[in-house]
Protein chains: 2
Amino acid sequence: MARAGVTSERVTRAAAELADEIGFDRVTGSAVARRLGVKEPSLYAHIANARELKVRVALLALEEMADQAAAALAGRAGKDALVALANVYRDYARRHPGRYAASRFELDPETAARSAGPRHTEMTRALLRGYDLPEPDQTDAVRLLGGAFHGYVSLELSGSFRHTERSTDASWAWALDTLDHALRTHPARRAGG
Amino acid sequence: MARAGVTSERVTRAAAELADEIGFDRVTGSAVARRLGVKEPSLYAHIANARELKVRVALLALEEMADQAAAALAGRAGKDALVALANVYRDYARRHPGRYAASRFELDPETAARSAGPRHTEMTRALLRGYDLPEPDQTDAVRLLGGAFHGYVSLELSGSFRHTERSTDASWAWALDTLDHALRTHPARRAGG
DNA sequence: GAATTTGCCTAATTATATTAGGTACAGTTA
DNA sequence: TAACTGTACCTAATATAATTAGGCAAATTC
C-alpha cells in the first residue's frame, strides 16, 4: 500500500477542520485517523497522545488569531484599532467555532508561555497606548478588554443571546462604543492625551 | 446486598462534586458510579445517558448561581448591585470551578429556556434599571455585562492572567469601576437619571 | 404472607486511547 | 540495479468508557 504521508502538521490541520465541523470536544484520534485514511495507531508516530492533539489545535488557533490581529491592527489606532481587534476575535469565532473553542483549552504554563497567547496580550497593550492609560490601569484594561471580547463572543456563539430580538451585531457595536468611551473618559487617564 | 439508594439528585450531586475536584470535562459515568458505590450500568436507571449527566450539572450550577445572585441583589441598587452580582459569579467560579465550567455547557434551546439562565438575564436587567438606560441599550448592556463578567472570570480561572504581577482582585475592582462609570455616563442614558 | 414493582447486578457490545511488535515501502549506498 | 537501512503504517492486544439486555433480590403494596 502507498503511504499516506501523515505528518504532525496534517494531523493538526485535520483535527482543526474536524473541530469546526463537529465541535472541538468531539474531536477524537479515531475520527482524525479516519479523515486521513490511516488507522488510529498510526497517529501515535506523529503525536504523543490524544491531549497533544487538542493542544496542537489550540496553538494553531491562537496563532491564526494573533496573525489576523496583527494584520488588522496595522496602521490603526484608537477606537479604530479597538474595533478591528475585537472583530478579529468575533469573526474568527464565527468562521472557526471549533478552533475558537480550542483556543480556550487549558494549556500547561510552559506551553502557554511559548504559545501565541502572549502576543494577544501585547497587541491589546499596544492598542491601549492610544488611550493613554498609566500603569497599572493599562494592565487592568488589558484584562477587561480580553474578558469582554472573549465573554461576548463566547456567549453569542453558545446561543445565550438568541432569546432576545435585538441584533447581536448592534449590541456588539454598542459594547465596543461603550468600552471605547469608558477607556477615553476613565478617571485614571492622564490629562491631555 | 443493601441498596445504595441512588437517585438522579444524588447522581447529579456526585457529578458536581467530581467536576469541582477533577474538572468538568473529566467527569465520566464510571467515575460517578464509583463514587456512589454502584456499578456503572446502575446509573442508567436514573439518567438517560452521559450527556444528561453533564446537562444536570449545568442546570444545578445555573440554579445555584441564580439563587446566590438573587440573595446578593436583595436590597442593593446601582454600583452596589453591580459589584454584588459580579462577585457572585467570580466567587462561585473560584469555589466551584467544575460547576462553573458546567454552566457554560451548551444546552439545547428548550432546556436552556427552562433553566435558570433566563433568571440571570432578568437579574442583570433589574440591576440595570438603576442606570436608567432606554431600550435597546438596556439589552445591549445586559449582553456587555454578561460577556464581561463571564469572560474575565473565565480567563482568570484558566490562568490567562498569571503572567502579570498585578493582583487580579485589583484588576477586577478596576473593571467593575470602569463598567459602572461607562453605564452611568453612556451617551444613550436618559437625562436626569 | 403473596404479588408486584423496581433497584442494582452480571454479561455483552461498541468506541476510544494506547502499547508492542511486524512488514513493506523509500531513500541511500555500492 | 541489488542490497541496506530507516521508518511509515499495519495488525494484535489491552484498558477504560458508554450503553443495552436481561436476571435476581429487596422494597412496597395488598
Side-chain angles (χ1 to χ4, degrees), chain A residues 1-60 98-99 101-102 104-108 111, chain B residues 1-60 98-99 101-102 104-108 111:
Chain A
M1 287 192 202
R3 297 192 178 183
V6 180
T7 63
S8 56
E9 282 72 26
R10 286 195 59 209
V11 171
T12 306
R13 197 144 31 86
E17 288 165 9
L18 212 49
D20 288 335
E21 291 166 18
I22 65 175
F24 181 62
D25 43 351
R26 286 184 204 168
V27 172
T28 67
S30 40
V32 171
R34 237 173 281 141
R35 167 170 291 235
L36 291 172
V38 298
K39 299 291 176 176
E40 199 182 353
S42 305
L43 296 182
Y44 290 88
H46 307 282
I47 56 164
N49 49 46
R51 179 180 158 79
E52 188 183 315
L53 191 66
K54 298 193 167 190
V55 169
R56 280 177 181 276
V57 178
L59 294 174
L60 173 69
R99 293 178 211 210
R104 313 305 346 158
F105 190 68
E106 197 143 344
L107 304 172
D108 62 278
T111 308
Chain B
M1 287 193 203
R3 296 193 178 181
V6 180
T7 64
S8 57
E9 282 72 24
R10 285 194 59 209
V11 171
T12 305
R13 198 145 29 87
E17 288 165 8
L18 212 49
D20 289 335
E21 291 166 19
I22 63 174
F24 181 61
D25 43 352
R26 286 184 204 167
V27 172
T28 67
S30 39
V32 171
R34 237 173 280 141
R35 167 169 290 237
L36 291 172
V38 298
K39 300 290 176 175
E40 198 181 352
S42 304
L43 296 182
Y44 290 88
H46 306 282
I47 57 164
N49 49 45
R51 181 183 157 78
E52 189 184 313
L53 191 65
K54 299 192 168 191
V55 170
R56 279 177 183 275
V57 178
L59 295 174
L60 173 68
R99 292 178 211 210
R104 315 303 346 157
F105 190 70
E106 198 143 344
L107 303 172
D108 62 277
T111 308

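Below, read A as the first sequence line, B as the second, and so on, with proteins coming before strands; counting in each chain starts at 1. The shown structure was predicted, so the numbers you read here are calculated from the model rather than taken from an experiment.
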What pairs of nitrogen or oxygen atoms, one from the protein and one from nucleotides 20-22 of chain C, lie under 3.5 Å apart?
none

What's the verdict on side chain to side chain contact (heavy atoms under 4.5 Å, CB included) for A:Leu43 and A:Leu36, showing C-alpha distance, side-chain angles and the deciding distance? CA-CA 10 Å; A:Leu43 296 182; A:Leu36 291 172; 4.2 Å; yes

Atom CG of A:Leu53 to atom C1' of C:dT18: distance rounded to whole Å? 14 Å

Where do A:Thr12 and A:Leu59 land on the side chain to side chain contact (heavy atoms under 4.5 Å, CB included) test, with the steps shown first? CA-CA 10 Å; A:Thr12 306; A:Leu59 294 174; over 6 Å; no

Please list every donor-acceptor pair under 3.5 Å in which a side-chain atom of residues 50-58 of chain B meets a protein atom from a residue at least two apart or in another chain.
| unit_1 | atom_1 | unit_2 | atom_2 | d |
| --- | --- | --- | --- | --- |
| B:Arg51 | NH2 | B:Glu106 | O | 3.2 |
| B:Glu52 | OE1 | B:Ala48 | N | 3.1 |
| B:Glu52 | OE2 | B:Arg56 | NE | 2.9 |
| B:Glu52 | OE2 | B:Arg56 | NH2 | 3.1 |

Just the atom pairs and distances: protein N or O near nucleotides 13-17 of chain C's N or O, under 3.5 Å.
| unit_1 | atom_1 | unit_2 | atom_2 | d |
| --- | --- | --- | --- | --- |
| C:dT16 | OP1 | A:Arg34 | NH2 | 3.4 |
| C:dT16 | OP2 | A:Ser30 | OG | 3.2 |
| C:dT16 | OP2 | A:Arg34 | NH2 | 3.2 |
| C:dT16 | O5' | A:Ser30 | OG | 3.1 |
| C:dA17 | OP2 | A:Gly29 | N | 2.8 |
| C:dA17 | OP2 | A:Glu40 | OE2 | 3.3 |

Residue pairs passing the ring-ring contact (aromatic ring centres under 6.0 Å, His included) test where at least one lies in residues 32-56 of chain B, sequence neighbours excluded: none

Applying side-chain hydrogen bond (donor to acceptor under 3.5 Å, both in side chains), name anything that partners B:Glu17, two or more places apart in sequence or on another chain. B:Arg35

Across all chains, not counting sequence neighbours, the side-chain hydrogen bond (donor to acceptor under 3.5 Å, both in side chains) partners of A:Ser8 are none

Rounded to whole Å, please give me the gap between CD1 in B:Ile47 and P in D:dT20. 11 Å

Is any side-chain nitrogen or oxygen of A:Ser42 closer than 4.0 Å to OP1 or OP2 of D:dC10? yes

In whole angstroms, how far is the C1' atom of D:dA18 from the CZ atom of A:Arg26? 15 Å

A:Leu43 atom CG is separated from C:dT19 atom C1', nearest whole Å, by 14 Å

Check each residue of residues 5-20 of chain B for a non-hydrogen atom within less than 4.0 Å of any atom in DNA chain D, then write out the ones that pass by number, or none. none

Taking B:Arg10 for the side chain and B:Gly5 for the main chain, is one N or O donor matched with an acceptor at less than 3.5 Å? yes

Identify every side-chain donor-acceptor pair in residues 23-34 of chain A under 3.5 Å, counting partners at least two apart or on other chains, and give the distances.
| unit_1 | atom_1 | unit_2 | atom_2 | d |
| --- | --- | --- | --- | --- |
| A:Thr28 | OG1 | A:Ser30 | OG | 3.3 |
| A:Thr28 | OG1 | A:Ala31 | N | 3.1 |

What's the angle between the local helix axes at either end of the helix from C:dG1-D:dC30 to C:dA30-D:dT1, using five pairs per end and rounding to 10 degrees? 10°

Between C:dC8 atom P and B:Lys39 atom NZ, what is the distance in whole Å? 14 Å

